[in-house]
Amino acid sequence: MANVIVTGAGRGLGRAVAELFYNKGWKVTAVGLHEENLKSLAEEAQASGRMLIIAGDVSKEEDCRRFFDLSQAKFGTVDALVNCAGSGFLGRVVETTLEQWNRTFEVNATGTFLMCREALQRWRGDRHKGVIVNVSSVSAHMGAPLASTYAASKAAVIAFSRSIARETAGAGIRVNVVCPGAMNTDMFHKDTVGFMAEKFKRDPEQLVQSTLSMVPMRRLVEPNEVAQTVFFLCSEESSAITGQTFNVDCGYDMR
């Protein structure tokens, strides 16, 4: 059985990814910032012993090292890494503090860098042909009002991923990116729609409908739909794919 580390596994897309890999028979190390969000995942998997939950911060080097140490101690060599952990900060540029900018990049960009570096260092040592899937966003391509900090950090994820894909392809390591559109998650309904509704005194449902009006398929993306793409990119069926970016967005960013 293969072993995957999934960051941001406490909720939303990260949770969907962790659950899918587990249901597909993988050994899963589920990483999240808040342990309470991970507990129900562990309860579901207790009987099988195929899931390990670890609380920690992907923006801290010592935590990233600990994630891999604990995963390898329990399950052996890590075969795949999926970086879903993210910070969805919103705000006008003129109102954004340096601390807010830095924290968004610490989680979205630096966290991705640290986790990838840790994986690549270990795979280099044992000549393991691992797979990395990093989660960006369609905002990285298109930009979005009030999301300049978030979009910039997610664009960094794409450029970084393409660069390391070229750097490691000769060793048989594959690195790809998935860019979700608006997803049916707490991050969208609470952190995005909730924020906009409060800031601009708008009805949340009207804001949701406004978003859907720009989506050709007129619906939100379900987390499991993105998780299926992630799983495919970690499977042998995608063995010839590296350095690519895949939109899963119900047609929002058609180019």
Side-chain angles (χ1 to χ4, degrees), residues 6-14 31-34 37 55-67 81-120 132-165 175-183 185-202 204 207 210-211 214 221 226 245 247 249 252-253:
V6 181
T7 70
R11 63 174 190 160
L13 176 58
V31 171
L33 186 60
H34 303 293
N37 292 338
D57 187 342
V58 296
S59 71
K60 296 180 179 178
E61 285 186 280
E62 60 272 23
D63 279 3
C64 293
R65 193 173 302 114
R66 179 168 56 89
F67 301 151
L81 168 64
V82 182
N83 285 306
C84 296
S87 172
F89 171 75
L90 295 174
R92 290 190 176 98
V93 174
V94 294
E95 299 168 349
T96 300
T97 67
L98 181 59
E99 181 180 9
Q100 290 166 330
W101 170 273
N102 285 342
R103 181 55 185 166
T104 303
F105 269 79
E106 283 174 1
V107 176
N108 296 348
T110 303
T112 298
F113 155 70
L114 289 172
M115 290 297 292
C116 288
R117 186 185 66 177
E118 193 67 31
L120 295 175
I132 296 172
V133 177
N134 293 324
V135 176
S136 179
S137 167
V138 292
S139 298
H141 300 305
M142 303 182 69
L146 303 179
S148 58
T149 300
Y150 174 76
S153 68
K154 288 299 190 178
V157 169
I158 295 175
F160 173 69
S161 300
R162 287 176 177 168
S163 297
I164 62 173
V175 184
N176 291 293
V177 180
V178 172
C179 291
M183 275 191 296
T185 62
D186 282 348
M187 179 177 283
F188 174 75
H189 290 291
K190 295 180 180 179
D191 300 345
T192 301
V193 172
F195 170 84
M196 300 281 282
E198 182 176 351
K199 186 173 184 67
F200 298 107
K201 311 302 179 187
R202 295 280 301 279
L207 291 172
S210 177
T211 298
M214 297 183 287
V221 179
V226 184
T245 301
N247 288 355
D249 62 357
Y252 178 64
D253 179 19

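Note that the numbering runs from 1 along the sequence shown for the chain.
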Point to revise | Value rounded to 0.5 Å, distance of CG in Asn134 from CZ in Arg162 | key: 12.5 Å
Practice item. Determine the minimum heavy-atom distance between Val157 and Ala109, stating which atoms define it. Key: CG2-CA, 4.4 Å
Point to revise | Minimum-distance pair of heavy atoms, taken over all atoms of Phe105 and Ala156 | key: CE2-CB, 4.4 Å
Review point. What closest approach, in Å, do Gly86 and Asn108 show between heavy atoms, and which atom pair accounts for it?
Key: CA-OD1, 3.0 Å
Review point. Going by heavy atoms in the side chains, are Leu120 and Arg117 under 4.5 Å from each other?
Key: no
Point to revise | Closest non-hydrogen atom pair, Asn83 against Ile132 | key: ND2-CG2, 4.4 Å
Point to revise | With sequence neighbours excluded, residues passing side-chain hydrogen bond (donor to acceptor under 3.5 Å, both in side chains) with Arg202 | key: none
Check your understanding: Atom CZ of Phe160 and atom OG of Ser136: how far apart are they, to the nearest 0.5 Å?
Key -> 13.0 Å
Review point. Just wondering, more than 12 heavy atoms not from Glu99 lying within 6.0 Å of its CD?
Key: no
Revision key, fill the gap. When Thr245, Asn247, Val133, Val82 are each screened for side chain to side chain contact (heavy atoms under 4.5 Å, CB included) with Val178, the one that passes is Val133
Review point. So do Thr185 and Leu13 actually touch side chain to side chain, heavy atoms under 4.5 Å?
Key: no
Review point. Can you check whether Ile158 reaches Cys179 side chain to side chain, under 4.5 Å on heavy atoms?
Key: yes
Check your understanding: Got a second to check how far Leu114's CG is from Glu62's CD, nearest 0.5 Å?
Key -> 9.5 Å
Exercise for review: Determine, for Glu106 against Arg103, whether the closest basic-nitrogen to carboxylate-oxygen distance falls under 4.0 angstrom.
Suggested key: yes
Review point. Does any non-hydrogen side-chain atom of Phe89 lie less than 4.5 Å from one of Ser153?
Key: no
**Study point:** Spacing of Arg11 atom CZ and Met187 atom CE [to the nearest 0.5 Å]
**Key:** 5.0 Å
Point to revise | Nearest atoms (heavy-atom pairs only) where Ser87 meets Tyr150 | key: O-CD1, 3.2 Å
Exercise for review: Nearest 0.5 Å please: distance from the CG atom of Leu81 over to the CE atom of Met115.
Suggested key: 5.0 Å
Check your understanding: Roughly how far, to the nearest 0.5 Å, is the OG1 atom of Thr104 from the CD atom of Gln100?
Key -> 7.5 Å
Enumerate donor-acceptor pairs with a distance under 3.5 Å from any side-chain N or O in residues 138-148 to protein atoms, sequence neighbours excluded.
unit_1 : atom_1 : unit_2 : atom_2 : d
Ser139 : OG     : Ser137 : OG     : 3.3
His141 : ND1    : Arg255 : NH2    : 3.3

**Study point:** Contact summary for Phe67 and Asp57, nearest pair of heavy atoms
**Key:** CZ-N, 3.9 Å
**Study point:** Sequence-distant partners of Arg66, salt bridge (Lys or Arg N to Asp or Glu O under 4.0 Å), two or more places apart
**Key:** Asp63
